[in-house]
Amino acid sequence: MRDTNSMVEEFMLLANISVAEKIFHEFPDNAMLRRHPVPPPANFEPLLHAARRQGFELSVGTGKELATSLDAAVKPENPYFNTMLRIIATRCMLQAVYFSSGMLQQSDFHHYGLATPIYTHFTSPIRRYADIIVHRLLAACIGADATYPSLLDKKASTALCYNLNYRNRQAQYAGRASVALHTHLFFRSRVQDEDGYVLYVRKNALQILIPKYGLEGTLFLRCDSPSVSWTYNEKEQSQSCGSVVFHSFDPVTVQLSLDRSNVQHEKLVLRLVRPVIEGFSVSSAGEQGEEKMEEGEKEEERKGSEEPETKKRKKKSKKK
């Protein structure tokens with residue numbers, strides 16, 4: 001099945017590239033194309049450092065070199081390692097955008113992620129308006145349909161590309177907000193421990209990936225205890241507290257809960273369970289549940305012992 005899907009994807013990419021070449025040849029000033037700018041070398045520093053620390057050297061000269069080196073970066077003992085590496089690689093990229101061919105030099109048409117000199121979106125007209133415009137351009141190229149003024153207007157085409165890029169960003173934001181909402185609904189009445197991995201090391205936090213739910217959360221390294229002191233090493237991209245040191249890809253156990261103190265801005269809270277850091281880590285959700293049960297039992301015993309005394313006092317007051 002995977003091979004079949006891969007073959008279909010290859011044919012779709014080839015169709016998009018072939019159509020891009022055709023419409024650009026026929027309409028060099030008005031073809032709607034899609035480009036993915038080459039990221040600045042500095043963007044790849046976190047990725048290269050994280051991979052090097054795990055014993056892998058990645059090549060980022062071209063999109064194809066990056067894809068090949070990512071395919072080879074596999075650790076059998078950690079099935080999520082390659083996934084996390086790809087997540088970091090994606091964060092290094094710039095946003096791919098639609099553009100009108102007459103507004104840029106041909107050398108700027110390159111699509112870094114797909115390693116192709118020219119590209120467009122043609123294969124999904126039922127879900128993308130850009131594909132519909134490309135279909136109209138292709139139909140005009142092969143004589144299947146006539147053009148209309150705005151289709152070949154450079155200014156109108158550029159404005160349309162700008163709007164498509166804007167709407168695409170808004171759709172991404174909406175998607176993330178939807179995921180956040182349903183995550184909050186799921187954890188509204190839950191407190192549970194989950195295994196995760198350190199994805200990024202920040203100056204005041206650790207970005208944690210929870211593979212079970214496919215979500216990311218921020219573990220803030222704030223603590224009121226004077227015995228807990230965090231040290232951030234920018235060069236090594238690490239956070240340390242005493243003998244405990246955190247790097248990217250390190251396994252952790254965190255406790256997930258929902259902070260509902262502000263109803264309009266509920267947020268998912270992560271607390272460290274393991275590795276244990278005295279004064280910072282919290283006990284597991286199971287242990288907390290047992291402690292609450294023990295407290296409840298003690299409270300019941302206390303009430304039970306107080307009831308006979310209360311009855312005796314009432315009897316004495318009635319006799320008086």
Side-chain angles (χ1 to χ4, degrees), residues 6-44 47 59-68 70 86 89-176:
S6 179
M7 182 178 67
V8 172
E9 288 175 3
E10 288 296 324
F11 279 125
M12 291 176 71
L13 291 174
L14 183 59
N16 287 335
I17 294 169
S18 300
V19 171
E21 292 173 344
K22 178 65 176 178
I23 62 175
F24 176 62
H25 180 265
E26 295 291 333
F27 304 109
D29 291 333
N30 306 96
M32 178 173 285
L33 305 176
R34 188 165 176 83
R35 71 190 187 98
H36 186 202
V38 178
N43 283 26
F44 288 112
L47 172 67
S59 177
V60 297
T62 65
K64 185 174 182 179
E65 289 176 5
L66 176 59
T68 301
L70 283 173
R86 290 179 184 276
T90 302
R91 305 284 167 80
C92 299
M93 303 293 178
L94 300 177
Q95 185 75 38
V97 293
Y98 296 107
F99 69 101
S100 180
S101 58
M103 302 305 292
L104 293 172
Q105 296 294 323
Q106 191 169 351
S107 58
D108 295 325
F109 290 7
H110 188 76
H111 196 295
Y112 178 84
L114 297 175
T116 179
I118 191 169
Y119 192 71
T120 193
H121 276 162
F122 164 78
T123 54
S124 300
I126 62 172
R127 66 183 181 90
R128 284 190 305 238
Y129 186 67
D131 298 58
I132 294 176
I133 298 299
V134 171
H135 272 251
R136 291 173 180 172
L137 288 168
L138 181 63
C141 289
I142 62 177
D145 200 358
T147 62
Y148 51 91
S150 62
L151 186 65
L152 301 182
D153 185 287
K154 186 186 294 188
K155 189 174 180 180
S157 179
T158 300
L160 178 58
C161 289
Y162 177 84
N163 189 49
L164 288 173
N165 293 329
Y166 171 76
R167 294 298 179 185
N168 184 48
R169 286 194 300 271
Q170 296 306 305
Q172 290 176 346
Y173 296 152
R176 293 169 191 168

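Note that this is a predicted model, so its numbers are computed, not measured.
The shortest non-hydrogen separation linking Val38 to Leu94 is O-CD1, 3.9 Å. The shortest heavy-atom contact between Thr120 and Asn16 is O-CB, 3.2 Å. Taking each heavy atom of Ala20 and Ile118 in turn, the nearest pair found is O-CD1, 3.7 Å. Between His135 and Pro125 the shortest heavy-atom distance is NE2-CG, 3.6 Å. Scanning all heavy atoms of the two residues, the minimum distance from Gln95 to Pro37 falls at O-CD, 3.7 Å. Counting all heavy atoms, side chain and backbone alike, Pro39 lies closest to Cys92 at CB-O, 3.6 Å.
At least one side-chain heavy atom of Leu47 sits less than 4.5 Å from a side-chain heavy atom of Leu66. Annotation: side chain of Ile23 is in contact with side chain of Leu33 (closest heavy-atom distance under 4.5 Å).
Here the CZ-CE distance, from Arg136 to Met32, works out to 10.0 Å after rounding to the nearest 0.5 Å. Between atom CD1 of residue Ile132 and atom CD1 of residue Ile126 there is a gap of 10.0 Å, rounded to the nearest 0.5 Å. With rounding to the nearest 0.5 Å, the separation of OH in Tyr112 from CZ in Arg35 is 15.5 Å. With values rounded to the nearest 0.5 angstrom, Arg91 atom CZ is found 13.5 Å from Asn43 atom CG. The distance from atom CD of Glu10 to atom CE of Met7, rounded to the nearest 0.5 Å, is 10.5 Å. Atom CG in Leu13 sits 13.5 Å away from atom CZ in Phe122 (nearest 0.5 Å).
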Using atom types as modelled, flag every donor-acceptor pair under 3.5 Å from a side chain in residues 155-167 to any protein atom, sequence neighbours excluded.
from   : atom 1 : to     : atom 2 : distance (Å)
Ser157 : OG     : Ser100 : OG     : 3.3
Thr158 : OG1    : Lys154 : O      : 2.9
Asn165 : OD1    : Tyr98  : N      : 2.8
Asn165 : ND2    : Tyr98  : O      : 3.1
Asn165 : ND2    : Cys161 : O      : 3.1

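Checked against side chain to side chain contact (heavy atoms under 4.5 Å, CB included), Thr68 has the following partners two or more places apart in sequence or in another chain: Lys64.
A donor-acceptor pair under 3.5 Å links the side-chain atoms of Asn30 to the main chain of Leu152, judged by distance alone.
Residue pairs meeting the ring-ring contact (aromatic ring centres under 6.0 Å, His included) criterion with at least one member in residues 7-42, sequence neighbours excluded: Phe24-Phe109, His36-His111.
Counting heavy-atom neighbours within 6.0 Å of Gln170 CD, excluding the residue itself, gives a total above 12.
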Checklist entry - Thr123 and Arg128: side-chain contact (heavy atoms from CB on, under 4.5 Å), yes or no, with the steps? => result CA-CA 9 Å; Thr123 54; Arg128 284 190 305 238; 4.2 Å; yes

